[in-house]
Amino acid sequence: MDKRVMKTRRSIHEAMTRLLAVKPIEEITVTELAEAAEINRKTFYNYYGSVYMVAEEMEDEIVARFEETLRGIDFETLLMDPQSTFNTLAKIITSDLDFYGNMLTNRNQISFLQKIITTLKQRIRTIYDSQITADDELVDYILDYIVAGLVSVYQRWFMSDGKMDIEVLSKYISMLAVYGIKPVLEAAEQDR
């Protein structure tokens, strides 16, 4: 892709992130987004047909990042070192705090959350598929529980302004997801 095209798209994405931090997407106009990106409306329309198309492209890029990360995880690695997996996911989230924070805490961003949840569930299912002999319906319930919990934890982390260190949080969440609650409580007690 041409460097100018990349620069313009990045500028639009950054402007969208700034605007989403202060207002819901349905209140953002093309004119406002173009001004925030320091381009004119015509340039904007050369790239996108609407504000929603920008948001969708940004969501798709994020989902692709999560998928790429999850693709590199195998069952044995997850069981032996779950924290590294969760640390990697946390690094993706902390790579753009404004955007992820807005997308995870803004109730108007349901499509984003649904894409993330669906992607995580599919990838985890692929990782575990050859290892699990349980009924498919039971596996779906387990995945719903793990993924919804993971998303909820990161939403809470953003809403608390990231008071807990993200790596410490990832340590506990990874243990919980793979080993259950008892080891988490024991580790938390040792960390005190």
Side-chain angles (χ1 to χ4, degrees), residues 1-70 85-123 144 146-174 177:
M1 188 182 292
D2 183 299
K3 285 184 180 183
R4 289 176 297 161
V5 170
M6 288 172 53
K7 183 180 177 193
T8 302
R9 284 184 186 269
R10 184 173 41 249
S11 177
I12 293 169
H13 287 197
E14 288 170 356
M16 180 67 130
T17 299
R18 288 191 305 275
L19 290 170
L20 283 171
V22 295
K23 61 172 56 176
I25 191 168
E26 61 272 2
E27 293 179 15
I28 299 172
T29 65
V30 169
T31 301
E32 184 178 28
L33 182 54
E35 286 174 6
E38 298 180 354
I39 59 172
N40 61 44
R41 283 174 47 95
K42 183 178 180 200
T43 301
F44 176 88
Y45 283 116
N46 285 338
Y47 293 91
Y48 302 101
S50 71
V51 170
Y52 292 97
M53 288 177 73
V54 176
E56 186 173 334
E57 181 178 88
M58 292 170 70
E59 292 166 358
D60 290 344
E61 287 175 5
I62 291 162
V63 168
R65 271 202 243 160
F66 273 98
E67 281 183 324
E68 183 180 327
T69 299
L70 291 170
T85 300
F86 283 78
N87 280 343
T88 302
L89 294 176
K91 284 179 185 169
I92 292 172
I93 290 170
T94 58
S95 68
D96 191 345
L97 288 174
D98 289 338
F99 180 74
Y100 283 102
N102 181 273
M103 294 305 245
L104 286 170
T105 59
N106 186 335
R107 297 208 182 272
N108 297 318
Q109 304 303 333
I110 299 300
S111 67
F112 170 76
L113 284 177
Q114 195 54 52
K115 284 180 186 179
I116 293 294
I117 288 169
T118 301
T119 299
L120 287 172
K121 283 176 55 178
Q122 287 172 343
R123 190 58 199 147
D144 283 341
I146 291 171
V147 173
L150 181 64
V151 169
S152 179
V153 164
Y154 287 122
Q155 285 175 318
R156 181 181 176 100
W157 183 79
F158 276 108
M159 286 188 262
S160 72
D161 295 325
K163 290 177 185 168
M164 178 182 271
D165 181 89
I166 191 78
E167 288 186 14
V168 171
L169 180 61
S170 293
K171 170 186 169 183
Y172 294 141
I173 296 307
S174 66

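E27 CD: more than 12 foreign heavy atoms inside a 6.0 Å radius.
A distance of 7.5 Å separates CZ in R41 from OG1 in T29, rounded to the nearest 0.5 Å. Note: R9 CZ to D2 CG = 11.0 Å, rounded to the nearest 0.5 Å. Rounding to the nearest 0.5 Å gives a distance of 10.0 Å between CG of L150 and OG of S174. To the nearest 0.5 angstrom, D60 atom CG is 5.5 Å from E56 atom CD. To the nearest 0.5 Å, atom CD1 of residue I166 and atom CZ of residue F158 are 7.0 Å apart. Residue M58 holds its CE atom at 6.5 Å from CG of L20, rounded to the nearest 0.5 Å.
Checked against ring pair (Phe, Tyr, Trp, His ring centres under 6.0 Å), Y48 has the following partners two or more places apart in sequence or in another chain: F44. Listed by chain and number, the residues in a salt bridge (charged side-chain N to carboxylate O under 4.0 Å, His left out) with E32 are K23 (sequence neighbours excluded). Evaluation of the side chain to side chain contact (heavy atoms under 4.5 Å, CB included) rule for R18 yields E14, A15, A36 as partners, not counting sequence neighbours.
Residues S170 and N87 approach most closely at CB-OD1, 3.2 Å, considering heavy atoms. In this structure, I92 and R65 approach most closely via the heavy-atom pair CD1-O, 3.9 Å. What you find for V51 and V30 is that their closest heavy atoms are CG2-N, 3.8 Å. Across all their heavy atoms, M16 and L33 have their closest contact at N-CD1, 3.5 Å.
Side-chain N or O atoms of S11 include none that pairs as donor or acceptor with a backbone N or O of K7 at under 3.5 Å.
With hydrogens and angles left out, the side-chain atoms of N46 and T43 include no donor and acceptor closer than 3.5 Å.
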Step by step, would you call Y47 with V54 a side-chain contact (heavy atoms from CB on, under 4.5 Å)?
CA-CA 9 Å; Y47 293 91; V54 176; over 6 Å; no

